[in-house]
Amino acid sequence: VQLQASGGGLVQAGGSLRLSCVASTRVFSMYVMGWFRQSPGKEREFVAATSWNGNRRYYAESAKGRFTISRDNDKNMVHLEMNSLKPEDTAIYYCAGTPSYYSGDKNYTEADFGSWGQGTLVTVSS
């Protein structure tokens with residue numbers, strides 16, 4: 001499946017952004033979807049994941065209470081609503097997908113996902 005992320009940009013600390021990712025597959029509802037991010041000089045890290053129907057969602061500690069992952073299976077899209085952004089949220093954000101069962105509330109790793117989008121840059125200024 002091909003994934004295309006969008007919605008990144010420059011925002012001031014405390015502001016909000018909504019990232020979107022569209023998938024080119026007829027079986028999007030079979031995919032667990034996630035968001036990861038990578039800051040300069042750091043490894044890619046897990047941000048959030050959602051089950052096939054959106055009923056199960058899990059967030060990294062850094063995202064809890066500020067970010068919301070959601071999906072629209074009719075449109076083959078997954079979103080990441082980010083509020084109260086901080087300079088440390090600056091990173092390239094990647095959407096990822098895998099055609100598997102939601103394997104529980106956990107910090108997912110890159111190895112859990114087989115398909116990746118190209119990334120969208122989020123810059124939070126102080």
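Because only heavy atoms are used, hydrogens play no part in the values below, and waters and symmetry mates are left out as well, while side chains stay in. The shown structure was predicted, so the numbers you read here are calculated from the model rather than taken from an experiment.
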Rounded at 0.5 Å granularity, tell me how far [atom1] in [X] sits from [atom2] in [Y].
{"X": "Leu3", "Y": "Ser115", "atom1": "CG", "atom2": "OG", "result": "5.5 Å"}
{"X": "Phe46", "Y": "Tyr108", "atom1": "CZ", "atom2": "OH", "result": "7.0 Å"}
{"X": "Thr25", "Y": "Gln2", "atom1": "OG1", "atom2": "CD", "result": "11.0 Å"}
{"X": "Ser16", "Y": "Leu85", "atom1": "OG", "atom2": "CG", "result": "6.0 Å"}

Could you check if a side-chain atom of [X] sits within less than 4.5 angstrom of a side-chain atom of [Y], using non-hydrogen atoms only?
{"X": "Arg57", "Y": "Thr68", "result": "yes"}
{"X": "Val78", "Y": "Trp35", "result": "yes"}
{"X": "Ser24", "Y": "Val1", "result": "yes"}

Within one Ile-Leu-Val-Met-Phe-Trp-Tyr cluster: [X] and [Y], side-chain cutoff 4.5 Å:
{"X": "Ile92", "Y": "Met33", "answer": "no"}
{"X": "Ile69", "Y": "Tyr93", "answer": "yes"}
{"X": "Leu17", "Y": "Met77", "answer": "no"}
{"X": "Met82", "Y": "Tyr94", "answer": "no"}
{"X": "Leu80", "Y": "Tyr58", "answer": "no"}

Pair Asp72, Ser70: side-chain N/O donor-acceptor within cut-off below 3.5 Å: no
Criterion side chain to side chain donor-acceptor pair (under 3.5 Å) against Ser20, the qualifying member of His79, Gln4, Glu81: His79
Closest heavy-atom pair and its distance - Gly34, Phe113: N-CE2, 3.7 Å
Minimal non-hydrogen separation, Gly54 against Thr50, with atom names: CA-OG1, 3.2 Å
Glu88, CD atom: more than 12 neighbouring heavy atoms under 6.0 Å: yes
Other residues, nucleotides, ligands: >12 heavy atoms within 6.0 Å of Lys42 NZ: no
Contacts of Lys75 that satisfy salt bridge (Lys or Arg N to Asp or Glu O under 4.0 Å) - sequence neighbours left out: none
Stepwise side-chain contact (heavy atoms from CB on, under 4.5 Å) test for Glu45 and Arg37: CA-CA 5 Å; Glu45 63 176 4; Arg37 68 185 184 185; 2.6 Å; yes
Atom pairs and distances, donor-acceptor, side-chain atoms in residues 118-126, under 3.5 Å, two or more places apart:
unit_1: Gln118; atom_1: OE1; unit_2: Ala5; atom_2: N; d: 3.2
unit_1: Gln118; atom_1: NE2; unit_2: Ala5; atom_2: O; d: 2.8
unit_1: Thr120; atom_1: OG1; unit_2: Gly8; atom_2: N; d: 3.0

Test log, rule ring-ring contact (aromatic ring centres under 6.0 Å, His included), inputs Phe67 and Tyr59: CA-CA 8 Å; Phe67 294 3; Tyr59 300 91; 8.1 Å; no
Ring geometry between Tyr31 and Phe28 (parallel below 30°, tilted from 30 to 60°, perpendicular above 60°): parallel
Qualifying residues under side-chain hydrogen bond (donor to acceptor under 3.5 Å, both in side chains), relative to Asn73, sequence neighbours excluded: Arg71
